[in-house]
Amino acid sequence: MKKEGCVIHKPVEQQFFEKPVLELARNLIGQLIVHELPTGPVVARIVETEAYHGEQDEAAHSFKNRRTKRTEVMFKEPGSVYTYQMHTHTLMNVVCGPVGTPHAILIRAAEPVEGLEYMREQRGEKLAMKDWTNGPGKLTKALGITMKYYGHHWTKQPLFIAPSEAVGEIEAGPRVGISNAGEAVHYPWRFYEKDNAFVSKFRP
DNA sequence: CTAGGGATCTTT
DNA sequence: AAGATCCCTAGC
């Protein structure tokens, strides 16, 4: 049996990221995000993602291949880290698609696995555990992820994705928070683990 | 240079 | 339902 603090996590292979964006968004569910800190590893299990389909997706930052300082990393190798600022929060993405094709996957929610004390400290003593990581902004704060990881790669320490076998039933639905995105609003490109308490709440 | 707005979260 | 409060982007 696994014991907390005793599991050695290894990053996934580069190959893991080299597949169509919808498939990768689905495959990311159940995998682990590992952030190695001086105080020990902080680990969370991904339970919710959203795919952004490069130049064809009105909701994507890279719609029509818009290429700027912010979106630049979306054109790089699959598996690159794309972080950006939203209001007062940092959000994190996994870059996908071949080099030059700006697809990305937003990691929206995860389930705390290891480094629970650190997460509680980041999010505040009073919050219930289920409110630590059940949204994209909350998740980055709980894990201690900031803009300094822009352009990092998800196979490298100290921030990487590690494989995990245990995956529940996956459901798909429309994405959240993109009401101005025309037709793209309806695409079922949000993936989440069924009945998992850490999936973000749907806001009308 | 300035103005506008957003893949959010918290509190009312 | 609205405010917080920051960065990116477009336009002049």
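FYI, side chains are in, hydrogens and waters are out, and symmetry mates aren't considered; it's all heavy atoms of this structure. A, B, ... follow the sequence lines: proteins, then strands. Residue 1 opens every chain.
In this structure, A/Leu91 reaches the sugar-phosphate backbone alone: every heavy-atom distance under 4.0 Å involves primed, P, OP1 or OP2 atoms, never a base. Using a 4.0 Å heavy-atom distance criterion, A/Arg123 is classed as a sugar-phosphate-only contact. Residue-level contact check: A/Arg66 touches the backbone only, with heavy atoms under 4.0 Å from sugar-phosphate atoms and none from bases.
Note that A/Arg175 lies in the cation-pi zone of A/Tyr52, set by a 6.0 Å cut-off to the ring centre and a 45° limit from the axis.
Between A/Thr68 and C/dT9, a side-chain N or O to OP1/OP2 separation shorter than 4.0 Å is present. Of the side-chain N and O atoms in A/Arg70, none sit less than 4.0 angstrom from OP1 or OP2 of C/dC7. In this structure, A/Lys138 reaches the B/dT10 phosphate: one of its side-chain N or O atoms is under 4.0 Å from OP1 or OP2. Listed pair A/His61 / B/dA7 meets the phosphate criterion, a side-chain N or O lying under 4.0 Å from OP1 or OP2. In this model, the phosphate group of B/dT8 is approached by a side-chain N or O of A/Arg108 to a distance below 4.0 Å at OP1 or OP2.
Looking at which nucleotide of DNA chain C each of A/Met147 and A/His89 is closest to, the 5′-most match is held by A/His89.
As a whole-Å value, the separation of A/Asp57 CG from B/dA7 P is 11 Å. Straight-line distance from the NZ atom of A/Lys141 to the C1' atom of C/dC6: 15 Å, rounded to whole Å. As rounded to whole Å, 12 Å separates atom C1' of B/dT10 from atom CG of A/Asn134. Taking atom CG on A/Leu139 and atom P on B/dT8, their separation rounds to 13 Å, with Å as the unit. What separates CD of A/Glu72 from P of C/dC7 is a distance of 20 Å, to the nearest Å. For the pair A/Lys126 NZ and B/dT10 C1', the computed distance is 13 Å after rounding to whole Å. Atom-to-atom, OH of A/Tyr84 to P of B/dG5 comes out at 18 Å; the value is rounded to the nearest Å. The CD1-P distance, from A/Ile178 to B/dG6, rounds to 12 Å in whole Å.
Residues A/Arg190 and A/Val199 are in side-chain contact: their nearest non-hydrogen atoms beyond the backbone lie under 4.5 Å apart.
Checked by atom type and distance alone, the side chain of A/Arg123 pairs as donor or acceptor with a backbone atom of A/Asp131 at under 3.5 Å. For A/Glu50 (side chain) and A/Val176 (main-chain N/O), a donor-acceptor pair under 3.5 Å exists by modelled atom type.
In the set C/dC7, B/dT8, B/dA7, the nucleotide with an atom closest to the side chain of A/Gln85 is C/dC7.
The closest side-chain donor-acceptor pair between A/His153 and A/Gln14 falls under 3.5 angstrom. At a cut-off of 3.5 Å, with distance as the only test, no side-chain donor of A/Asn134 or A/Lys130 sits close to an acceptor on the other residue. Residues A/His103 and A/Thr101 have side chains that never bring a donor and an acceptor to within less than 3.5 angstrom of each other. Under 3.5 Å, the side chains of A/Tyr118 and A/His35 contain no donor-acceptor pair of N or O atoms.
Ring-to-base geometry places A/Tyr52 in a stacked arrangement with B/dA7 (centre distance under 5.5 Å, plane angle under 30°).
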Pairs under 3.5 Å (Watson-Crick or G-U), crossing ones as [ ], inter-strand ones as |: DNA chain C comes out as ||||.||||||.
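Across the P atoms, B/dT2 and C/dT5 are found 22 Å apart, a figure rounded to whole Å.
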